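Owing to the predicted nature of the structure, the values given are computational and were not obtained by experimental measurement. All chains are named by letter (A, B, ...) in the order of the sequence lines, taking the proteins before the strands, and each is independently numbered beginning at 1.
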2 protein chains.
Amino acid sequence: MGNGMKITIKEVAKEAGVSIATVSRVLNGKDGIKPSTKDRVEKAIVKYNFSPDHIARSMIVKESKTIGLLVPQLSNEYWATLAEVIEEALWTHGYTLLLCTSSTRDDSLQKEKAAIHSFIQRKVDGIIYSTSSGANESFLEFTEQIKRYGVPIVAFDQKIQGMSQIYGDHLQGAMDAVKHLIQLGHRNIAYIGGPLVSPERELGYRNAHTIHDLPVYEQLITRGEPTFQFGYRAMRELIESGRLFTGVFCGNDLIALGALQALETAGRRVPEDVAVVGYDDIHMASFAKPALTTVRQPIAEMGRTLVEQVLLSIETGNAPQQSRHLVFPMTLVVRESCGAKTRVRTL
Amino acid sequence: MGNGMKITIKEVAKEAGVSIATVSRVLNGKDGIKPSTKDRVEKAIVKYNFSPDHIARSMIVKESKTIGLLVPQLSNEYWATLAEVIEEALWTHGYTLLLCTSSTRDDSLQKEKAAIHSFIQRKVDGIIYSTSSGANESFLEFTEQIKRYGVPIVAFDQKIQGMSQIYGDHLQGAMDAVKHLIQLGHRNIAYIGGPLVSPERELGYRNAHTIHDLPVYEQLITRGEPTFQFGYRAMRELIESGRLFTGVFCGNDLIALGALQALETAGRRVPEDVAVVGYDDIHMASFAKPALTTVRQPIAEMGRTLVEQVLLSIETGNAPQQSRHLVFPMTLVVRESCGAKTRVRTL
DNA sequence: ATGAAAGCGCTAACAC
DNA sequence: GTGTTAGCGCTTTCAT
């Protein structure tokens, strides 16, 4: 229960009858210390349950062994899993995680700024940065400012000039998904996505149509938040609008799950009446009824690469030349909601 | 980027033509500074894009405005949501989160120890602690050690002597769930849980039987990990064992979802052949088909209370007398998987 | 092999 | 109002 006196290296030194320099030496495993001395020091350490002040140390050695991670949210399984992978990988390398979420507030860009600032002030050795903010002018100014800090930073799913980037090939992922739908015979495919899920997905949706010489119906495109609620609402409005569509590609699985629900409520069968495919492949996707066809992101690999990259940037002193772009392939996971399996079976 | 020179309060002072003390004053918003001076300092600050070293500051003021949070995992939506709520609440109070997960490793107790240690070394102002470790002797020794550090710490869903505790009334929650099943006419109810989800849930399962003068069949009890995979496996074995059961209460929703899957694979209808109820009420629960009846935990309230409590402990200097026990009620959410709704409809 | 002393970047008396 | 100075708890020369 903290017996009043705050214990520091000084107390330990006194107890062991040595100078603080010596205690520091055994603390850091330096050699050239008489075993007997080392022994006394170690005894004193356990006696006092002494734990060196990492903060004071980091002021001198100029490394905090702490990394800042900024993610939009944690309540979306996709981000939660990524955060977990990152924490774990960082830990094996001796780093501890400082974590902030940005999308839990109305003004997420402001929270992002404040979070990065908090990281900088806390002297993190590096930052892993993902965001939900669009690329407006205020955002660009912000990224410029970040770079001025000179802290190693790697951007995830974010195209930012002059810093390391790791991202998924969402253009490919989305194209694969929509092409699959087209090959299944669908000609009126809706898209429910939004500015908040990467714009490449919408682009992929469009490209797939173009490649197949098919027109894109703008009225079948809905943009909004990357949530279950939005997916539900968007699908409901689509149905009520009376527009014709037999398939829908969703910007992420949460949206797709919401759409599935709305479809069921409206009495439309999936995949018979409308085929749906999502994006991310979160666990829920496979539990859904019908099981959701979706685009799988290699979250674990991406997470591990993210930490490899920050660590590399830290080692190389954040040399800008070192900044790399790594892109990961997406894979289409065909389950029941797209109807492919049903068709195969009935052939 | 980073033009070589590391800029500190000194550079700013020189630029503004004042002493570092003055810069410090404007930084901390102290009054009694000539507006013109303040102005020059502020200009110098933005010119250099200066951000004061929080770490150096905290050495003097003895507060880091950082809280350590230890959760078992993030890939379980329950914990992810809790972490998100906590981060958000902490942030509004000016704190930043240091986060560690413990169950991502084989030896979770060891990681827990190391994580707490990392928090202490990084001079967190307080700790929010939840765990997945059972209460063995090694664990007790550990909690004793934690307390010796003298850092404000609040335990979540954990009965630890001498520290603030926030927990859910899982005995009540589990009893409600099982009583519900019993009232629906079930007499052979299985339990799939484990040492890792709080033992109160198993106790509640037993108590509900006792209250209704019903026997508990030990062969219907399976213990293991709190995962989807375990739920699936356990249910499968239960079915293969040929034992009679018409209902099952699961230690958490992930387990229940796994059981649901196994039941479906085996061709048993839910709720007609077997009724199932889960625990937590994660989002997935309501998406499942049939929608899962479950026990809802008030995650948001618990999360907010957790931070209120650490903050309180910090203010009061962690006076042990101040340590409180707050318990939250659980509420049964009746959906489709228990059959209650079907029955009502068919009556 | 070990001690003395000079900082790391900042805040908080204490002076003027 | 503002500058000077003494630390915070530690690491690291530089002596001895």
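Counting 5' to 3', DNA chain C first comes under 4.0 angstrom of a heavy atom of chain A and last does so at the ends given by C:dA1 to C:dG9.
Looking at A:K123, A:R122, A:K62 one by one, the single match for salt bridge (Lys or Arg N to Asp or Glu O under 4.0 Å) with B:D53 turns out to be A:K123. Between B:Y129 and the choices B:E112, B:Q165, B:Q158, the side-chain hydrogen bond (donor to acceptor under 3.5 Å, both in side chains) rule is met once, by B:E112.
Shown here are the side chain to side chain donor-acceptor pair (under 3.5 Å) partners of B:Q145, two or more places apart in sequence or in another chain: A:N49, B:Y149. Residues satisfying the side chain to side chain donor-acceptor pair (under 3.5 Å) test with A:Y167, not counting sequence neighbours, are none. Under the rule for a side chain to side chain donor-acceptor pair (under 3.5 Å), B:T305 has no partner lying at least two apart in sequence or in another chain. In this structure B:I20 satisfies the side-chain contact (heavy atoms from CB on, under 4.5 Å) test together with B:I9, B:K10, B:A13, sequence neighbours excluded. In this structure B:K14 satisfies the salt bridge (charged side-chain N to carboxylate O under 4.0 Å, His left out) test with no other residue, sequence neighbours excluded. The salt bridge (charged side-chain N to carboxylate O under 4.0 Å, His left out) check on A:D39 picks up A:K43, with sequence neighbours excluded. Residues satisfying the salt bridge (charged side-chain N to carboxylate O under 4.0 Å, His left out) criterion with A:K65, sequence neighbours excluded, are absent altogether.
In this structure, a donor-acceptor pair under 3.5 Å is present between the side chains of A:Q309 and A:R324. For the residue pair A:S75 and B:T81, no side-chain donor N or O sits within less than 3.5 Å of a side-chain acceptor on the partner.
The distance between atom CD1 of A:I9 and atom P of D:dC8, rounded to the nearest whole Å, is 13 Å. Summarising the geometry, the separation between NZ on B:K10 and P on D:dG3 is reported as 16 Å, rounded to the nearest angstrom. The CG-P distance, from B:D39 to D:dT2, rounds to 12 Å in whole Å.
Each end of the helix from C:dA1-D:dT16 to C:dC16-D:dG1 gets its own axis from five base pairs, and the two axes differ in direction by 40°, given to 10 degrees.
A heavy-atom distance below 4.0 Å to DNA chain C is reached by these residues of residues 23-31 of chain A, ordered by number: A:R25. A heavy atom closer than 4.0 Å to some atom of DNA chain C occurs in B:F50, B:P52, B:D53, B:A56, B:R57, B:I60, B:V61, these being the qualifying members of residues 44-64 of chain B. Contacts with DNA chain D (heavy atom under 4.0 Å) in residues 113-121 of chain B: none are found.
For B:K6 and B:E11, the salt-bridge test fails: no basic side-chain N is under 4.0 Å from an acidic carboxylate O. Ion pairing between B:K111 and A:E88 holds under the 4.0 Å rule for side-chain N and carboxylate O. Ion pairing of A:E87 with B:R105 is absent here, as no side-chain N (NZ or NE/NH1/NH2) approaches a carboxylate O to less than 4.0 Å.
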Checklist entry - side chain to side chain contact (heavy atoms under 4.5 Å, CB included) between B:S130 and B:D157: does it pass, once the steps are laid out? => result CA-CA 7 Å; B:S130 61; B:D157 254 347; 5.9 Å; no
